[in-house]
There are 2 protein chains.
Amino acid sequence: MLTKKSQYAFKALGYLADKQKDGPVLISEISKKKRIPLKFLENILLELRKAGILESKKGKGGGYFFKKDPADVKMATVIRLIDGPISMLPCVSLYFYERCKNCDEKHCGLHDVMRQVRDVTLEVLESRTLADLKD
Amino acid sequence: MLTKKSQYAFKALGYLADKQKDGPVLISEISKKKRIPLKFLENILLELRKAGILESKKGKGGGYFFKKDPADVKMATVIRLIDGPISMLPCVSLYFYERCKNCDEKHCGLHDVMRQVRDVTLEVLESRTLADLKD
DNA sequence: CTATTAGTCTACTCGATTAGTAGGTTTATA
DNA sequence: TATAAACCTACTAATCGAGTAGACTAATAG
């Protein structure tokens with residue numbers, strides 16, 4: 001399951017993708033329109049900015065807006081950033097790999113199945129982008 | 001990510017699938033061979049028995065063994081039993097569905113992507129069975 | 001140059017979940 | 001009747017998820 005945090009992130013990013021032409025959008029506006037707790041949203045947007053996906057401007061007329069083109073940001077990237085691993089096991093994770101103890105990866109049935117799950121999952125999440133969140 | 005609990009469950013089930021011809025297997029044997037904390041394993045096997053996957057026998061010569069044919073138990077079933085939902089969002093879950101607030105499922109980009117992820121994931125997990133865990 | 005607006009940052013809380021452990025009870029077999 | 005083994009309830013400690021508090025910094029308008 002995705003955490004609330006990444007679900008909020010996706011909602012906020014979808015909103016920002018819609019308003020992309022309108023210049024900076026206030027955190028408080030996103031918070032109201034998407035019903036996301038204000039302070040929680042602050043943290044989330046900050047993370048997205050630090051990751052280089054969003055950009056912000058302080059003071060009057062400020063707010064958040066896209067730094068990258070939404071079409072260039074994969075869903076998988078956002079999930080990994082906010083929630084961490086996408087795979088069901090550490091030993092099949094590409095970005096958060098950990099060797100599994102007492103299970104030989106060469107002939108571990110579970111490993112094989114979970115690698116297959118990872119592959120089909122990533123096929124979707126690496127091809128879909130934040131542009132797909134626009135309505 | 002799968003929990004330790006379901007990972008242990010799969011290891012134990014794999015072991016039991018191998019030993020299927022040998023009659024009842026002791027919890028303590030599985031615990032040793034697969035390096036799973038004994039008391040934790042007890043709980044797990046109990047759940048699997050109550051779910052009708054395993055059967056047990058008490059007293060001398062007792063232990064755990066398969067009630068169903070391993071080839072008839074889908075991986076998805078075990079995950080749902082031990083960990084719960086497989087989907088990334090409650091609103092696309094088949095067995096643990098919950099309507100999502102402030103997001104119209106008719107035109108929600110996130111919903112669509114996550115439904116697609118669910119579909120490809122289940123294609124794997126509903127087709128692979130515990131027989132695939134044998135080595 | 002100062003008031004206001006708006007994002008930045010650190011740290012805290014609090015409940016739920018995860019990963020176990022303890023210890024007694026029941027049932028089958030020898 | 002002794003012993004072997006599973007059964008069952010309840011407890012604990014650590015981590016994580018979800019959110020809050022409050023002070024700080026930077027940009028703009030008058």
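Protein chains get the first letters and strands the later ones, always in sequence-line order, with residue 1 at the start of each.
- Minimum atom distance to the side chain of Lys4(A) is reached by dA18(D), of the listed dT25(D), dA28(C), dA18(D).
- Scanning both residues, Leu122(A) and Arg80(A), for their nearest heavy atoms gives CD2-NH2, 3.4 Å.
- We find that Glu42(B) and Lys39(B) are joined by a salt bridge, their nearest charged nitrogen and carboxylate oxygen being less than 4.0 Å apart.
- For the pair Ile82(B) and Ala9(B), the tightest heavy-atom approach, listed with the atom from each and the gap, is CG1-CB, 4.3 Å.
- A distance-only check finds no donor-acceptor pair linking the side chain of Thr77(A) to the backbone of Val73(A) [under 3.5 Å].
- Contact check of residues 18-25 of chain B against DNA chain D (heavy atom, cut-off under 4.0 Å) returns Val25(B).
- Lys68(B) has its side chain out of reach of Leu54(B): every pair of non-hydrogen atoms, C-beta onward, lies at least 4.5 Å apart.
- The nearest whole Å value for the distance from the CD1 atom in Ile27(A) to the C1' atom in dT8(C) is 9 Å.
- The shortest non-hydrogen separation linking Leu81(A) to Ile53(A) is CD2-CD1, 4.2 Å.
- Taking atom CD1 of residue Ile30(B) and atom P of nucleotide dA5(D), one finds them 13 Å apart after rounding to whole Å.
- Contacts between residues 76-85 of chain B and DNA chain C, counted as heavy-atom distances below 4.0 Å, involve no residue at all.
- In this structure, NZ of Lys5(A) is placed 9 Å from P of dA18(D), rounded to the nearest angstrom.
- The interatomic distance linking Leu26(B) (CG) with dA28(C) (P) rounds to 17 Å, in whole Å.
- In this structure, Met1(A) atom CE and dT18(C) atom P are separated by 12 Å, rounded to whole Å.
- Within the structure, every side-chain polar atom (N or O) of Lys60(A) is placed at least 4.0 Å from both OP1 and OP2 of dG30(D).
- Within residues 37-54 of chain B, the residues approaching DNA chain D are Lys39(B), Glu42(B), Leu46(B), Arg49(B), Lys50(B), by heavy-atom distance under 4.0 Å.
- Taking 4.0 Å as the cut-off between side-chain N and carboxylate O, Glu126(B) and Arg118(B) do not count as a salt-bridged pair.
- In this structure the side chain of Tyr64(A) never reaches within 4.5 angstrom of the side chain of Leu48(A), judged on heavy atoms.
- The distance between atom OH of Tyr8(B) and atom C1' of dG20(C), rounded to the nearest whole Å, is 9 Å.
- Closest to the Thr3(B) side chain, of the nucleotides dT18(C), dA27(D), dC7(D), is dT18(C).
- Here the closest heavy-atom approach between residue Met88(B) and residue Ile86(A) is recorded as CE-CG2, 4.5 Å.
- The interatomic distance linking Lys58(A) (NZ) with dC9(C) (C1') rounds to 9 Å, in whole Å.
- Atom pair Lys57(B):NZ and dA30(C):C1' shows a separation of 12 Å (rounding to whole Å applied).
- Within the 4.5 Å cutoff, no side-chain heavy atoms of Val25(B) are placed close to those of Phe65(B).
- The side-chain heavy atoms of Met114(A) and Leu2(B), taken from C-beta on, include a pair separated by under 4.5 Å.
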